[in-house]
Each structure stands twice: as structure tokens, then as C-alpha cells.
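This is a predicted model, so every value here is computed, not measured.
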Amino acid sequence: MSVIAIVALMVIVMLAGGFYVGRARAIGAVNGNTVRLHSLPNYHGYYVAIWTGLPAFLLLAAYGIFGGQAVERLTFSELQREAGTLNARLEERLLSDAEYEEFRGAALQLRERVNAIGDDMQRLRSARGEERDPARLEQLQQEQRETLNSATAAEEAAIARRAELVAAVGSEAEAAGASMRQLAGFELVQAPREQRQLFLSDAMQIANGALSSRESAELNAAARIVARYQDRIRYFVAVLALAFAAGGLLRTRGQVVPDFRARNHVERLITGLLLLSSVLAILTTVGIVFSLLFESIRFFSTVPVSEFLFGLQWSPQIALRADQVGQSGAFGAVPLFAGTALITLIAMAVAVPIGLLSAIYLSEYAGPRFRATAKPVLEILAGIPTVVYGFFALLTVGPAIRGLFTWLGFDDVVTQSALSAGLVMGVMIIPFISSLSDDVINSVPQTLRDGSYAMGATRSETITRVVMPAALPGIVGAILLAVSRAVGETMIVVMAAGQGANLTANPLESVTTITVQIVMLLTGDQEFDSPKTLSAFALGLVLFVITLIMNVIALRVVQRYREKYD
């Protein structure tokens, strides 16, 4: 068991002890006559326990979150100092190497030219009327691709030459008898950012006795530094946590007197904790919105908003060479919006009638025994993983639909279609509507039903004219929740509807959705400075706005109909 785990257990024991010490001291202060206490004895115990454990646990939590980063930074700083001489030697070699300077200068000039061409293309895209010149725009696109290829080649040549010089300096230092710490620091500092993080991660794995991606003398030297800093920080945090716990126990123990307002302190602390949770939730939402907004602004600085919202072709792959075919770099998102709407519409056409009628039957017609069996069985559908639904749609529903329509005379029906994805997604969403609607219908006061029966209405008339209108706000909320679930579904669409961005209203054709494209754009090694990757944030922003609009509609429906039945 680690030192931190032992300290955490000790703090828990001290926390429990603090509760009993505070409670016992409060009772003893009034000789057992608790009426003389301002607060109940338990509040005194809670107060002592909170200030015994809270600071210590906050410190341990901070160590758990930032301890690894602190060790990495300290290790990097020490290795960087160790490799100072070798780094300076490499800089001298780079400055004196004519081949490297030539490649680097050419790459910078070509990049400046690429940026200038991009500005010209942006002006042409924004032009209106006679100023639009499609032929000139196509010429600039061709020139940008060629210049970008040349810039990339020059950058790769400069990187390769730098790697040769780094290897030469490292070999000379090793032959001259440099220490492993110097060589480790030189390898770490001169590595690319991704490899630098991998180096530190491997060093930490070795220091912790875990399996690393590779072994080397340099990594072992770095691992020893990591282990030293880990031990120092770990023991420092352990001692400080125990000191906080002991200090909190001694300080609050002395505050326990008959007139001490322990209940007020405890309730203020709980109120502050609730406020902090609310603020964190709000800040998280704000952070998500601003992250989407900032990256979307970067995307729209390259691609016009009108092209994104009203363009009819989606092909985010941008050609980097002249010989690449079909990489047009078109960012018209209408096919994605249409595909999302089509699949969602099919899913809701399945889920809303079945789910709502199921809820009405279970709440108004079914007997207790049938309801106790049917409702849990129906809710099992919500617990099935979406990948299972995807396999079911791909292997069973899709071929069945294709066979049916082929038998009816349609020859161009594909296995992966919007109809297949929508049907299976509708089955998956049924429990969301049925369970929520059933709860809402059951919450309608029985007095409304009794009044309707007293007026001579039948059960069906009571359900349609009394119960359903009274439950309408909750039912609308359940339906909109199901719509949000359908819009955000990814796995079923990938497996059952395909990935082709086709603008069609034919449910027998393959389509794709916004969420599928976001996953595709952000999967793998991506650079967050290209329109292709930034378009995922623009799609995410659109999806957020759609969800917000649905929530506003649901709120308006609830506000409009709630007063009628309160």
C-alpha cells in the first residue's frame, strides 16, 4: 500500500475521531444538559470532523490531480539544465550549417506565399457580382496546392537535416564520455513535442515499475530522477496532510463551547459546497460553449458561414497535391443536416406512437401483475449497448429491408440505409418515451379522473380529454429528450446508415449525420489548424444550437399548458 493511501486512511480515522471528540466535548461542556447548547451535539461533531478532514483531503486531491505534472516539470527542468552544454553546441552547429539554413529559409518563404494565396482566395470567395472569378479561384487553389507541397518538402528536409545534426552531436558527446543524465536531457529537449511527452511517460512508467514502450540507458537515468522527485513530493504531501488534519482537530476542538454556533457554520459550509457545485456546472457549460465558439470562428474565417450553412456538398478532405482526385474541400453541411433530420424523423415515427401508446396502456389499462412484468422488460431496451443495435441493424434489419424492396421491384436498395438506422434507433428510443410518459401520466391527480367519470365520461374519453392534456408538458419533454438522444446517436448510424454525405430524401439510400462526421473528423492524428478539423467544432456548435432550440421549445410548451391544470 502506498504512502498516500495510508495517509488517507489515517485522515479518515482522524475524521471519525474528530466527530466523536467534538460531540463528546459539547455534551461534557454542559454536563449532559444539551438544552443549554446553541446547536445539537452532532453539529459540533460535524464541525470538528469537517475541519479535520477537509483540508487534508483537498491537499491529497490536489496531489492526485497535479502531482504527476509537477514531477514531469521538475524532471524536465533538471534534465534541461543537465543538457545545457549539448544544446548550446547543437545551436552553434545549426547556425553554421548552410544546408539547414537554406531549407529553413525556403520553407518560411513558401509558407508566407501559401498564406498570401489563402488571403487572395478568401477575398475571391467573399466577392459578389462581377468581382467573382471562378477561374481565378481555381487557379489560386492549384497554385496553393503546389506551393504547399513545396513548403512541406522544404520543412521535411529541414527536419531531416536537423535530426542528422542532433544525432551527430549526441554521438560526439557519448564518445567524449558525457553522462547518461546529459544524454537523456539532450534527447528529451531535442525531441518533438509528442515524443517528448512519450519520453517522460516512459520514464515515469519505469520509475513506477510498470511496462514502458521501450528501454534505454537514457530512460533509466531519467527514471531515477523521476523516482527521486516522486518520493520527495509524496512524503512532503503526506506529512503536510497529517499536519493539516491534526491542526484542524486541535483548533476546532478548542472552539466547542455551549454558545458556539456550530449549526450555522456547518450549514454555511454545506451551502458553499452546493454553490460551488452549481458554479462548476455553469462554468463547465460556458467553457464548452466558448471552446466551440472560438474554434468555429477560426473555421469561419476560412470558410464563409453561408457556404457552410447552405452549401450542398460536403467533402472536408482538402487536396494537398495536384494528383489527388475527389478532394475538393467543400464544406456545405446541408447533406449532414438533412441526413440527421431524416434519420431522426424515422426514429421518432417509430418511437413516439409505440412509446406513448405503451405508456397509456401500462398506466391506464394494464393490471398490476402485467405492469410489474412488462415495464421492466420494456426498459431493458434502454440498457442494450448501441453497438449491439448497430450490429442488429447491419446484419438483420438492413438485409431484410433490402430483400423486401427488391422483391417489390426496387433494384437500387442498399443494405446501409437511413430507413434501417431510423427503425432500429426508434426501437432503442422507445423506453425513453414510454417510461417518462408513464411516470408523467401516473402523476396526474386521480381527482381529475374521478371528476371526469362523475360527469359520465368513459375511460377512453377521460384519457384523451383529461389525462393526456394534463400530462402534455411532461410528454412533450419526454419526446424532446428522445429527439435529443436520436440526434446525438453515432454508433447505429455508422454501422447501419453508412458514412456517405448524400443529400437525399429517399430513406432507402445511405446518409450520414452530424455526430458521425464529428467523430470521423476528430479521429486519429489531426492538426487543429486546418479547415477539415475545425469544421468538427462548427458542426458541434450547430448541434448545440439545435439542442438549445429544442429545450426552449419544451420550456415554452410547459409554461403555456401548466397553468391550465395546476
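- For Phe300 and Phe308, the ring centers sit closer than 6.0 Å to each other.
- In Met491, the CE atom is not crowded: 12 or fewer heavy atoms of neighbouring residues, nucleotides or ligands sit closer than 6.0 Å.
- Taking each heavy atom of Phe199 and Glu218 in turn, the nearest pair found is CZ-O, 4.2 Å.
- One distance of note links CD1 of Ile384 with CD1 of Ile380; it measures 8.0 Å at 0.5 Å rounding.
- In Met10, the CE atom is not crowded: 12 or fewer heavy atoms of neighbouring residues, nucleotides or ligands sit closer than 6.0 Å.
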Notebook entry, point to check: Under the side-chain contact (heavy atoms from CB on, under 4.5 Å) criterion, do Glu489 and Met428 qualify, and how do the steps go?
Noted result: CA-CA 10 Å; Glu489 176 55 38; Met428 181 194 68; 4.0 Å; yes

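- Nearest approach of Phe537 to Ser291, heavy atoms of both residues: CD2-O, 4.5 Å.
- In this structure, Met425 and Thr386 have side chains that are not in contact, with every pair of non-hydrogen atoms separated by 4.5 Å or more.
- A 4.5 Å side-chain heavy-atom check between Gln195 and Leu188 finds every atom pair outside the cut-off.
- Residues Arg224 and Asn220 are in side-chain contact: their nearest non-hydrogen atoms beyond the backbone lie under 4.5 Å apart.
- The two atoms that bring Ser484 and Thr547 nearest to each other are OG-CG2, 4.3 Å, heavy atoms only.
- Scanning for side chain to side chain donor-acceptor pair (under 3.5 Å) contacts around Arg268 gives His265, with sequence neighbours left out.
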Note to self: Working note: Thr462 + Glu364, criterion side-chain contact (heavy atoms from CB on, under 4.5 Å); need CA distance, chi angles, decisive distance, verdict.
What the structure shows: CA-CA 10 Å; Thr462 301; Glu364 299 295 330; over 6 Å; no

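- Between Phe432 and Arg485 the shortest side-chain heavy-atom distance falls below 4.5 Å.
- Ile433 contributes atom CD1, which lies 4.0 Å from atom CE of Met348 (distance to the nearest 0.5 angstrom).
- Val493 has its side chain within reach of Ile343: a pair of non-hydrogen atoms, C-beta onward, lies under 4.5 Å apart.
- In this structure, the side chains of Phe370 and Leu362 come closer than 4.5 Å at one or more pairs of heavy atoms.
- Each of Val286, Val279, Thr285 was compared with Ile282 under the side-chain contact (heavy atoms from CB on, under 4.5 Å) criterion, and only Val286 meets it.
- Counted within 6.0 Å of OH on Tyr235, heavy atoms from surrounding residues, nucleotides or ligands total 12 or fewer; the atom is thus considered open.
- Between the side chain of Ser452 and the backbone N or O of Leu448, no donor-acceptor pair lies under 3.5 Å.
- In this structure, the separation between CD1 on Ile6 and CG on Leu242 is 10.5 Å, given to the nearest 0.5 Å.
- Of the inter-residue distances, the one linking Thr513 atom OG1 with Ile492 atom CD1 reads 11.0 Å to the nearest 0.5 angstrom.
- Across Ala241 and Ala56, no two heavy atoms sit closer than the pair O-CB, 3.5 Å.
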Note to self: Could you go through Tyr47 and Gln255, starting from their C-alpha distance and side-chain angles, then the distance that decides it, and tell me whether this counts as side chain to side chain donor-acceptor pair (under 3.5 Å)?
What the structure shows: CA-CA 10 Å; Tyr47 178 76; Gln255 292 179 326; 2.6 Å; yes

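- Remark: Leu198 CG to Asp202 CG distance equals 4.5 Å, nearest 0.5 Å.
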Next item on the list: Give the intermediate values and the outcome of side chain to side chain donor-acceptor pair (under 3.5 Å) for residues Glu78 and Tyr229.
Entry: CA-CA 11 Å; Glu78 181 169 338; Tyr229 280 119; 2.6 Å; yes

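- Between Phe290 and Phe294, the distance separating the two ring centers is shorter than 6.0 angstrom.
- Between Arg459 and Tyr365 there is a side-chain heavy-atom pair separated by less than 4.5 Å.
- Between Arg36 and Asp259 there is no salt bridge, since no side-chain N of the basic residue sits under 4.0 Å from a carboxylate O of the acidic one.
- Between Glu461 and Arg449 there is no salt bridge, since none of the side-chain N atoms of the basic residue sits less than 4.0 Å from a carboxylate O of the acidic one.
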N/O donor to acceptor pairs below 3.5 angstrom from side-chain atoms of residues 11-26, sequence neighbours left out:
residue : atom : partner : partner atom : Å
Arg23   : NE   : Asn42   : OD1          : 2.8
Arg25   : NE   : Arg253  : O            : 2.9

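- Tyr63 and Phe57 have their aromatic ring centers separated by at least 6.0 angstrom.
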Next item on the list: Could you walk me through whether Ile225 and Leu79 pass the side-chain contact (heavy atoms from CB on, under 4.5 Å) test, one step at a time?
Entry: CA-CA 9 Å; Ile225 299 175; Leu79 290 175; 3.4 Å; yes

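- Between Leu74 and Ile233, some side-chain heavy-atom pair lies under the 4.5 Å cut-off.
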Next item on the list: In sequence, state the C-alpha distance, the side-chain angles, and the governing distance for Trp51 and Arg251, and then conclude on side-chain contact (heavy atoms from CB on, under 4.5 Å).
Entry: CA-CA 9 Å; Trp51 289 109; Arg251 178 180 176 276; 5.5 Å; no

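- Annotation for Ser434 and Leu378: closest pair OG-CD2, 3.2 Å, computed over non-hydrogen atoms.
- Here Tyr361 contributes atom OH and Ile441 contributes atom CD1; the two are 14.0 Å apart, rounded to the nearest 0.5 Å.
- Each of Arg196, Arg181, Arg214 was checked for a salt bridge (charged side-chain N to carboxylate O under 4.0 Å, His left out) with Glu187, and the lone residue meeting it is Arg214.
- The shortest heavy-atom contact between Val226 and Ala207 is CG1-CB, 3.8 Å.
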